[in-house]
Protein chains: 2
Amino acid sequence: MDTSIKKKRMRGRLSREMIEDAAFEVIEKEGLAGFSMRKLAAALGCEAMSIYHHFPSVAHLHEALVDRLVGALEMPDAGLPWRQRMRIAIEDFRRIGRDHPAYATFFVTYRMNSPICLAWLNGILSLFRDGGFDTELSARLFRAVGYYLMGAVLDENAGYAKGPSAVNTVSDEQLARDFPNVMAAGRFFGTAEFDKTFELGLDMLLDEMERLRDGVGAGQLSGKV
Amino acid sequence: MDTSIKKKRMRGRLSREMIEDAAFEVIEKEGLAGFSMRKLAAALGCEAMSIYHHFPSVAHLHEALVDRLVGALEMPDAGLPWRQRMRIAIEDFRRIGRDHPAYATFFVTYRMNSPICLAWLNGILSLFRDGGFDTELSARLFRAVGYYLMGAVLDENAGYAKGPSAVNTVSDEQLARDFPNVMAAGRFFGTAEFDKTFELGLDMLLDEMERLRDGVGAGQLSGKV
DNA sequence: CTTGACAACTTACACTGTAAGGTTCATTTT
DNA sequence: AAAATGAACCTTACAGTGTAAGTTGTCAAG
């Protein structure tokens, strides 16, 4: 029987790293929703349950994937100007989405509490502290910038440019007729415009952080509401 | 047989509105992942397949839910100051998440292309135009502010404060020892701090938009990197 | 050569969305 | 009043999911 041959081939072949590699591939090929243990097993040439020997559940596997992506992040050189360091750290994170677009929605909705993720988070908070902010402002600015970053990663990888997720879509003619602003803006919502738009918002936040540090804080503009 | 009684009770009872109401309830009670057509049917006192008479698929149902939430949004009074109008529109959207926390992750990852959502989008783009920005800047600022808003809705309803989604969590002792910055910042990551943090980031963006309109644009600060 | 541990496989279960087709009942037409 | 129509709901079934439990194959140490 060739089953014996097959079995001979399989024994001791799997490893956590191999499984993670294959998982990234399957996710990007089949989409996040299309990913399953059985499809992953098929890609690996083994049975679904074999994976459970290395990862006790899909949740554990997913966490390993997040950890690998976040674990690869390095803190920007402390010798660089602060604004540049912040920009690099943010762009590094953003690049994860770019490299794993299908995984981005999971990545962004994942609550990072694993040791590896906490280490990264700890480093980023240090970076804010280095900007001259106290604990409270560091925490809040991290959140604010993080909100922006998360939203951007989400949109850039799973947003408008990827086509509608709506079931009742609207034709181009109807769009032009009924929603002219959307029609006009659409030109700036595509993939080619991601960088420029992201830079705009990021510069806005970086500018404000510098102003905050210099005592010209947010909401201190005349005419504030 | 009491089946006849049961059936008598059922006929003509369901409606799209009823199903949507029940769906919101089930989602908030069971969580987004715990939602299913069978659980929804159970909540309605009918069979799963009965729902398909009113909604051809779960996707259609979900779209109806999003449409209902977005459809309820109204554009802020055009007579108010621009900054206030913008703030109100943003807070209105944010409130959706607050009212439907479990639905927030779906809501935020949903690509709004239904007519109702496009109408809202069209109105918001008008609001940006009213701020004195041209088509391009309106589009980009909408995106930038939208990124921030989406990230905030995500975090406030499915983020850190909801506990870890990680499988390998870290004890408080280890957190204090190995990740002191996270430990210190944690105090500002809770639900009670959402409003203040959100206001900070929002004010930063609003300030910058006003500056942009007045010709002191983002990235024009001295020392920009 | 035996033993034991480990890695992979097999089977089975409870769950999911939904396609296909059957049943029942209100309404409308004759 | 009787018949026909069609909407509303139900039943059954299938392919897919994660994974618990039990089984088998393989290799290394005694």
Side-chain angles (χ1 to χ4, degrees), chain A residues 1-23 26-27 29-65 102-103 105-106 110 165-167, chain B residues 1-23 26-27 29-65 102-103 105-106 110 165-167:
Chain A
M1 274 173 84
D2 49 354
T3 32
S4 61
I5 295 164
K6 190 179 161 193
K7 277 166 188 171
K8 208 165 204 167
R9 281 220 323 274
M10 291 310 306
R11 298 283 154 180
R13 215 169 63 81
L14 261 49
S15 73
R16 283 179 65 101
E17 202 190 350
M18 279 178 53
I19 294 170
E20 290 165 17
D21 288 342
V26 172
I27 287 169
K29 200 156 77 178
E30 306 283 335
L32 191 57
F35 174 82
S36 79
M37 293 301 256
R38 284 177 173 86
K39 280 182 192 163
L40 174 56
L44 285 163
C46 72
E47 296 299 317
M49 290 311 289
S50 306
I51 299 164
Y52 282 80
H53 189 80
H54 301 268
F55 296 97
S57 74
V58 251
H60 285 81
L61 173 55
H62 268 128
E63 179 159 323
L65 298 184
Y103 200 55
T105 49
F106 181 90
Y110 181 81
S165 57
V167 170
Chain B
M1 273 174 83
D2 48 355
T3 30
S4 60
I5 295 164
K6 190 179 161 193
K7 278 168 188 171
K8 208 165 204 168
R9 282 219 322 273
M10 291 309 307
R11 296 285 149 181
R13 216 169 64 81
L14 260 51
S15 70
R16 285 178 65 101
E17 202 190 350
M18 279 178 54
I19 294 171
E20 290 165 16
D21 288 343
V26 172
I27 287 169
K29 199 156 78 178
E30 305 283 336
L32 190 58
F35 173 82
S36 79
M37 293 300 256
R38 284 178 173 84
K39 281 183 192 161
L40 175 56
L44 284 163
C46 70
E47 297 299 316
M49 290 312 287
S50 306
I51 299 165
Y52 281 79
H53 188 80
H54 301 269
F55 295 97
S57 75
V58 252
H60 285 81
L61 173 55
H62 268 127
E63 179 159 323
L65 298 184
Y103 200 54
T105 49
F106 181 91
Y110 181 81
S165 56
V167 170

Starting at atom CZ of A:Arg16, determine the distance to atom P of C:dA7, rounded to an integer number of angstrom. 12 Å
Who pairs with A:Glu17 by salt bridge (charged side-chain N to carboxylate O under 4.0 Å, His left out), at least two apart in sequence or on another chain? none
For D:dA7, does OP1 or OP2 lie under 4.0 Å from any side-chain N or O of B:His54? no
Whole-Å gap separating P (D:dC10) and CG (B:Leu44): 10 Å
Please determine whether side-chain contact (heavy atoms from CB on, under 4.5 Å) holds for the pair B:His54 and B:Leu14, giving the CA-CA distance in whole Å, both sets of side-chain angles, and the decisive distance to 0.1 Å. CA-CA 8 Å; B:His54 301 269; B:Leu14 260 51; 3.5 Å; yes
For A:Phe55, ring-ring contact (aromatic ring centres under 6.0 Å, His included) partners two or more places apart: none
Restricting to non-hydrogen atoms, name the atom on A:Met18 and the atom on A:Leu44 that form the minimum distance, rounded to 0.1 Å. O-CD2, 3.9 Å
Please list, chain by chain and in numerical order, all residues satisfying side chain to side chain contact (heavy atoms under 4.5 Å, CB included) with B:Ala59, sequence neighbours excluded. A:Val167, B:Ser57
If you look at every heavy atom in A:Val26 and A:Ala43, which pair is closest and at what distance? CG2-CB, 3.6 Å
Results of side chain to side chain contact (heavy atoms under 4.5 Å, CB included) for B:Arg38 - residues two or more places apart only: B:Ser36, B:Ala48
Mind running a 4.0 Å heavy-atom check of residues 32-40 of chain A against DNA chain D and sending the residues that fall below it, in number order? A:Ser36, A:Met37, A:Arg38, A:Lys39
Would you indicate, yes or no, if C:dC9 has its OP1 or OP2 atom less than 4.0 angstrom from a side-chain nitrogen or oxygen of A:Ser50? yes
As an exercise, state the distance from CG of B:Asp21 to OG of B:Ser15, rounded to the nearest 0.5 Å. 7.5 Å
In this structure, how many angstroms lie between the C1' atom of D:dT19 and the CG atom of A:Leu61, rounded? 14 Å
Output the distance between atom CD1 (A:Ile19) and atom OG (A:Ser50), rounded to the nearest 0.5 Å. 8.5 Å
Between atom CZ in B:Phe55 and atom P in C:dT18, what is the gap in whole Å? 13 Å
Expressed in angstrom and rounded to an integer, what is the separation of A:Met49 atom CE from D:dG18 atom P? 11 Å
Pairing residues for A:Tyr52 by the side chain to side chain contact (heavy atoms under 4.5 Å, CB included) criterion, not counting sequence neighbours: A:Met37, A:Met49
Students should find that the end-to-end axis angle of the helix from C:dC1-D:dG30 to C:dT30-D:dA1, with five pairs defining each axis and rounding to 10 degrees, is 20°
In whole angstrom, give the distance that lies between atom CD of B:Glu47 and atom P of D:dT11. 5 Å
Dump every N/O contact between nucleotides 3-6 of chain C and the protein below 3.5 Å, one line per pair.
none

Would you please name every residue forming a ring-ring contact (aromatic ring centres under 6.0 Å, His included) with A:His62, sequence neighbours left out? A:Phe35, A:Tyr103, A:Phe106
Rounding to a whole Å, what distance do you find between A:Glu30:CD and D:dG16:C1'? 13 Å
Here the distance between atom P of C:dA19 and atom CD1 of B:Ile51, to the nearest Å, is 14 Å
